[in-house]
Amino acid sequence: MVKLLSVGVLMVLFSVPLMAQEYEDHDSMLMDHGDGHLMDMAGGMVMGQNTDTLPGGCDSISETKEITVHAGHKYAEKFPGRMFAFDTQEFKFKPCTKLTVHFINEDNVRHQWMMHGLPKYLYPKGMFHLEATGPSKISGTLILPPGDKTYLVHCDIAQHMEKGMKAQFKVGEGDGDLPSIPGVTAYVIADDYKATLPELMVKAASVIDSAPAADAASLAPKPSVPQDDSVISGVTVIGLALGLLAAPFLARKFKGMSVSEVVAYVFDLLRAFIELAVKLLSRLIRLIIAYKNKILPEK
């Protein structure tokens with residue numbers, strides 16, 4: 001009898017952790033790396049957090065909202081053929097809303113809640129991103145831009161979006177619906193659960209039988225597109241002229257050099273040219289960003 005009671009007590013003790021799901025709280029461990037990027041060493045990450053800077057076109061914060069989003073395998077059970085999903089597939093908020101998202105991952109794998117298409121001058125790469133590894137929760141805040149637009153929200157882990165973990169996020173009235181949102185819009189490629197194995201085998205055989213004909217059609221000679229001889233001859237003449245002009249200089253420069261030294265010199269010239277082009281391009285981008293920041297409304 002004592003042995004039976006001991007076994008029963010042990011079973012109860014070991015089953016309690018299984019019945020009560022424990023979620024690791026990343027919010028208390030996140031380290032601020034600047035520019036709205038926070039992360040910890042336990043697999044938690046927030047990218048593009050913005051708690052106080054108004055997007056261009058927002059005179060003030062229209063409202064302050066909070067939502068909790070759950071992610072996991074069990075939320076995909078109502079969508080045949082899907083493996084992962086959020087508990088909500090469509091979100092709607094007013095423009096210029098200050099929104100805090102509490103993201104809860106209920107699986108033993110890594111999931112993300114990633115929003116694309118935001119203004120890049122305010123959100124790096126136009127993205128707001130929450131990430132949590134294993135059963136855990138994490139929070140982040142952003143301020144929605146003005147206007148009516150529909151944004152994609154998804155998990156960017158390989159194949160998670162394709163397996164169902166995506167939603168659409170409408171600011172204002174949105175600007176339409178996104179395709180293949182589980183439970184909201186029709187799939188671009190619909191799954192067929194009615195076909196039997198023999199039917200699928202017959203269909204595959206017909207595709208294989210028609211493949212040679214398709215290959216023959218693709219291998220058929222295509223009419224040649226006449227080339228503009230004047231353009232080719234013009235480029236050739238310019239190249240020859242530049243070569244003749246540069247020949248004396250190159251002859252003096254490469255005199256006494258081995259082939260390897262000549263090649264190294266040419267590569268050094270190419271590297272210097274590429275570095276100059278990158279510097280000019282980065283300077284131009286900084287000027288454009290500085291101009292955009294000047295026209296933003298004051299807080």
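Only a predicted model underlies this, so the values are computations on that prediction, with no experimental measurement involved.
Side-chain atoms of S136 never come within 3.5 Å of backbone atoms of D25 as a donor-acceptor pair (strictly under, hydrogens ignored). Checked by atom type and distance alone, the side chain of D87 never pairs as donor or acceptor with a backbone atom of V69 at under 3.5 Å. The backbone N or O of G134 sits nowhere less than 3.5 Å from a side-chain atom of N108 that would complete a donor-acceptor pair. The closest donor-acceptor contact from the side chain of H160 to the backbone of C155 lies at 3.5 Å or more, if one exists at all.
In summary, E131 and R110 engage in a salt bridge, as defined by a charged side-chain N under 4.0 Å from a carboxylate O.
Applying the side chain to side chain donor-acceptor pair (under 3.5 Å) test to E275 and every residue at least two apart in sequence or in another chain returns R271. A search for salt bridge (Lys or Arg N to Asp or Glu O under 4.0 Å) contacts involving K74 returns E106, not counting sequence neighbours.
With side-chain heavy atoms closer than 4.5 Å counting as contact, directly or through intermediates, the hydrophobic cluster containing L276 also holds L280.
Residue pairs meeting the side-chain hydrogen bond (donor to acceptor under 3.5 Å, both in side chains) criterion with at least one member in residues 139-149, sequence neighbours excluded, are D27-S139, T100-T141, H102-S139. Applying the ring pair (Phe, Tyr, Trp, His ring centres under 6.0 Å) definition to pairs two or more places apart or across chains, none involves residues 269-289.
Residues Y187 and V184 fall into different hydrophobic clusters, defined by Ile, Leu, Val, Met, Phe, Trp and Tyr side chains chained together at heavy-atom separations under 4.5 Å. Hydrophobic clustering of Ile, Leu, Val, Met, Phe, Trp and Tyr side chains at less than 4.5 Å, counting indirect connections, unites L130 with L99. Residue I61 is grouped with residue F128 when hydrophobic side chains (ILVMFWY) are merged at heavy-atom distances under 4.5 angstrom, including chains of intermediate members. A chain of hydrophobic side-chain contacts below 4.5 Å, direct or via other Ile, Leu, Val, Met, Phe, Trp or Tyr residues, connects I67 to V46. In the hydrophobic clustering of ILVMFWY residues, with side-chain heavy atoms under 4.5 Å counting as a link, M45 and M114 come out together.
Between the side chains of D40 and H26, at least one donor N or O lies within less than 3.5 Å of an accepting N or O.
Nearest heavy-atom pair, P95 versus S62, reported as atom, atom and distance to 0.1 Å: O-OG, 2.7 Å. The heavy-atom pair separating D107 from H73 by the smallest distance is OD2-N, 2.9 Å. Taking both residues in full, the closest heavy atoms of L54 and D59 are given as CD1-O, 3.6 Å, listed atom of the first, atom of the second, then distance.
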Anything under 3.5 Å between a donor and an acceptor, one on a side chain of residues 167-179, the other on a protein residue two or more places apart or in another chain? List them.
residue, atom, partner, partner atom, Å
Q168, OE1, L178, N, 2.8
Q168, NE2, E90, OE2, 2.5
Q168, NE2, D177, OD1, 3.0
K170, NZ, D177, OD1, 2.8
D175, OD1, T150, N, 2.8
D175, OD1, T150, OG1, 3.2

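Note that CE of M127 is 10.5 Å distant from NZ of K120, once rounded to the nearest 0.5 Å. Atom CG of D52 is separated from atom CD1 of I143 by 6.5 Å, given to the nearest 0.5 angstrom. With rounding to the nearest 0.5 Å, the separation of CD in E24 from NZ in K137 is 11.0 Å. Rounding to the nearest 0.5 Å gives a distance of 5.0 Å between NE2 of H37 and CE of M47. The line from NE2 of H129 to CG of L142 is 13.5 Å long, rounded to the nearest 0.5 Å.
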- Verify side chain to side chain contact (heavy atoms under 4.5 Å, CB included) between L281 and R283, making sure each step is shown before the conclusion. CA-CA 5 Å; L281 183 60; R283 185 176 299 175; over 6 Å; no
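Put simply, the side chain of M39 does not reach to within 4.5 Å of the side chain of M31, judged on heavy atoms. By the 4.5 Å heavy-atom criterion applied to side chains, Q112 and I157 are counted as neighbours. Residues N50 and K98 form no side-chain contact, since every pair of their non-hydrogen atoms from C-beta on lies 4.5 Å or further apart. Using a 4.5 Å heavy-atom threshold, the side chains of I181 and K166 count as touching. Side chains of T97 and T64 form no contact here, defined as non-hydrogen atoms less than 4.5 Å apart. Y151 has its side chain out of reach of H116: every pair of non-hydrogen atoms, C-beta onward, lies at least 4.5 Å apart. Looking only at side-chain heavy atoms (C-beta outward), L144 and C96 stay at 4.5 Å or farther from each other. Between Y121 and P55 the shortest side-chain heavy-atom distance falls below 4.5 Å.
More than 12 heavy-atom neighbours from other residues, nucleotides or ligands sit within 6.0 angstrom of CE on M29. Within a 6.0 Å sphere centred on CE of M41, heavy atoms belonging to other residues, nucleotides or ligands number 12 at most. When the shell of 6.0 Å around CD1 of I189 is examined, it contains 12 or fewer heavy atoms from other residues, nucleotides or ligands.
With respect to H111, the ring pair (Phe, Tyr, Trp, His ring centres under 6.0 Å) criterion is satisfied by exactly one of F84, F103, Y75: F84.
Aromatic ring orientation, W113 versus F91: perpendicular (interplanar angle above 60°, classes split at 30° and 60°).
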